[in-house]
Amino acid sequence: MTTPPLSAFAQTPTVTTPEQSIEFLQEPPDLVDFSNSTGTRIVCAASGSPTPTISWLVSDGNQVTNVTSLRQVNLDGTLVFPPFRAEDYRQDVHAVVYKCVASNVIGTIISRDVNVRAGIQLWCANIKQKLMRLLADMLSVKALP
């Protein structure tokens, strides 16, 4: 039995020109902390030819989908977390590792891990309620004779 020449195993190198490459113009940060009262936007932008599409993955590798009033992926690839009520907090949305994916027919690039952590601000609502009650009590007190 003859051994095939080494050249039979050689692969044709892939040549990528700068016009065909994909690169991040704005890669998301590795940590995004935000409050439920403010929400946040995570921008991911890439360039390439053809123009790459932007999508997002969660840590288990599944594609990010929109969750009404809690999370949406805009057409420009921005991942948006609108302000939300404390009782609407979801760990699978607000405490997750995300990755931005830019892809076209040439290939795919994946961002670093983006650790998203939403904090809940309850104390503001509690203080506001207490102040409103105190003000109501003060206004209802009648002057002594």
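What you are looking at is a predicted structure, and each value in this text was computed from that prediction instead of being measured.
Here Tyr98 pairs with Phe81 under the ring-ring contact (aromatic ring centres under 6.0 Å, His included) rule; sequence neighbours left out. Scored by the side chain to side chain donor-acceptor pair (under 3.5 Å) test, Arg41 finds no partners at all (sequence neighbours excluded). Taking the side chain to side chain contact (heavy atoms under 4.5 Å, CB included) definition, one finds that Val101 meets it with Ser55, Leu57, Thr108, Ile110, sequence neighbours left out. Contacts of Asp30 classified as salt bridge (Lys or Arg N to Asp or Glu O under 4.0 Å), with partners at least two apart in sequence or in another chain: none. Contacts of Arg117 classified as side chain to side chain contact (heavy atoms under 4.5 Å, CB included), with partners at least two apart in sequence or in another chain: Leu31, Asp33. Annotation: side chain to side chain contact (heavy atoms under 4.5 Å, CB included) contacts of Thr53 (sequence neighbours excluded): Ser103. In this structure Thr78 satisfies the side chain to side chain donor-acceptor pair (under 3.5 Å) test together with Asp76, sequence neighbours excluded. Residues passing the side chain to side chain donor-acceptor pair (under 3.5 Å) test with Asp88, sequence neighbours excluded: Arg85. The side chain to side chain donor-acceptor pair (under 3.5 Å) search around Gln72 returns Asn74, not counting sequence neighbours.
We find the CD1-CG distance between Ile109 and Asn104 to be 9.0 Å, quoted to the nearest 0.5 Å. With rounding to the nearest 0.5 angstrom, the OG atom of Ser47 is 4.0 Å from the CD atom of Glu23. Here the CZ-CZ distance, from Phe84 to Arg90, works out to 11.0 Å after rounding to the nearest 0.5 Å.
Both Val58 and Tyr89 are members of a single hydrophobic cluster when ILVMFWY side chains are connected at heavy-atom separations under 4.5 Å. Connection of Leu70 to Val97 is not established within any shared hydrophobic cluster, with ILVMFWY side chains joined at heavy-atom distances below 4.5 Å, either directly or through further cluster members. Two different hydrophobic clusters hold Val93 and Val80 under the rule that ILVMFWY side chains link at heavy-atom gaps under 4.5 Å. Note on Val43: it does not cluster hydrophobically with Ile54, by side-chain heavy-atom contacts below 4.5 Å among ILVMFWY residues.
Between Ile106 and Ser49 the shortest side-chain heavy-atom distance does not fall below 4.5 Å. Counting heavy atoms from C-beta outward, Thr65 and Arg71 have side chains that approach closer than 4.5 Å. Put simply, the side chain of Val114 does not reach to within 4.5 Å of the side chain of Lys99, judged on heavy atoms.
For Arg112 against Glu27, the heavy-atom pair with the smallest separation is N-OE2, 2.8 Å. Between Ser111 and Phe24, the shortest heavy-atom distance links the atoms N-CZ, 3.6 Å. Minimum interatomic distance between Thr38 and Pro83 (heavy atoms only, all atoms of both residues): O-CG, 3.5 Å.
Within the structure, the disulfide bond (SG atoms under 2.5 Å apart) test picks out the following pairs touching residues 41-100 (sequence neighbours left out): Cys44-Cys100. Screening residues 46-74 for ring-ring contact (aromatic ring centres under 6.0 Å, His included) gives no qualifying pairs among residues at least two apart or on separate chains.
Side-chain contact annotation: Gln121 with Ser37, donor-acceptor N/O pair under 3.5 Å present.
Applying the under-4.5 Å side-chain rule to Ile, Leu, Val, Met, Phe, Trp and Tyr, the cluster around Leu75 consists of that residue alone.
Summarising the local packing, CD of Gln91 is surrounded by 12 or fewer heavy atoms from other residues, nucleotides or ligands at distances under 6.0 Å.
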